[in-house]
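Residue indices begin at 1 and follow the sequence shown.
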Amino acid sequence: MAPVSIELATPEDTMDFGRRLGGWLRPGDLVLLAGPLGAGKTTLTRGIAEGLGVSGRVSSPTFVLARTHPAGSSGVALLHVDAYRLGGDLAQLDDLDLDTDLEGAAVVAEWGEGVAERLSEDHLVVRLERREDDARLLWLEPHGTWYDRLPPDLREPASGPARQTDSRR
């Protein structure tokens, strides 16, 4: 499956996509968010948290590296990780003991590509890019069993002005 590309015209579209993704996640799922500063990674994570129904305010975990949000209505907890400060230091990643958390929570790792995918060959990379007009481009890159598990409704834009394309430009 080629990467799926979706245009998200507003921050609310980004939140809505996150809600849909969060409503589908289950314990053990690993989602790696990639993109430059300001691309919408934390906004997407807020939507994921709402979709999961977890408790606690979602903000960038930059200063704490990881923040756990207890399970709510879905029964799935969220572990929100900022791998940027790890700088590729796999020993620090091991110290966070994320592979244990994968058993009971969905893990969303901002800046996780190149570091956190070693936690599971089954993971979803979500790439975000902010365009000059403030719209976001989002690419879904499923790995391992995610190829078969990715539901069709996540391959389509939410209602509204967002649109989907087949490849990365």
Separation of [Y] [atom2] from [X] [atom1] (nearest 0.5 Å):
X	Y	atom1	atom2	result
Phe17	Ile48	CZ	CD1	8.5 Å
Leu128	Leu8	CG	CG	7.5 Å
Glu50	Asp16	CD	CG	10.0 Å
His123	Thr145	NE2	OG1	10.5 Å
Leu124	His143	CG	NE2	8.0 Å
Leu44	Glu110	CG	CD	9.0 Å

Residue pair [X] / [Y]: nearest heavy atoms and the distance that separates them:
X	Y	answer
Leu52	Ser74	O-OG, 2.7 Å
Ala77	Ala71	N-CB, 3.6 Å
Arg130	Ala39	CB-CA, 4.1 Å
Val76	Pro27	CG2-CD, 3.6 Å
Thr43	Met15	O-SD, 3.2 Å

With a 4.5 Å cut-off on side-chain heavy atoms, are [Y] and [X] touching?
X	Y	answer
Leu21	Leu140	no
Val31	Trp146	yes
Arg136	Leu138	no

Worksheet item: Would you find a donor on one side and an acceptor on the other, under 3.5 Å apart, between the side chain of Lys41 and the backbone of Gly35?
Response: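 Answer holds: yes.
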Discussion item. Do the side chains of Asp29 and Arg149 get close enough for a salt bridge, i.e. N-O under 4.0 angstrom?
Written reply: yes
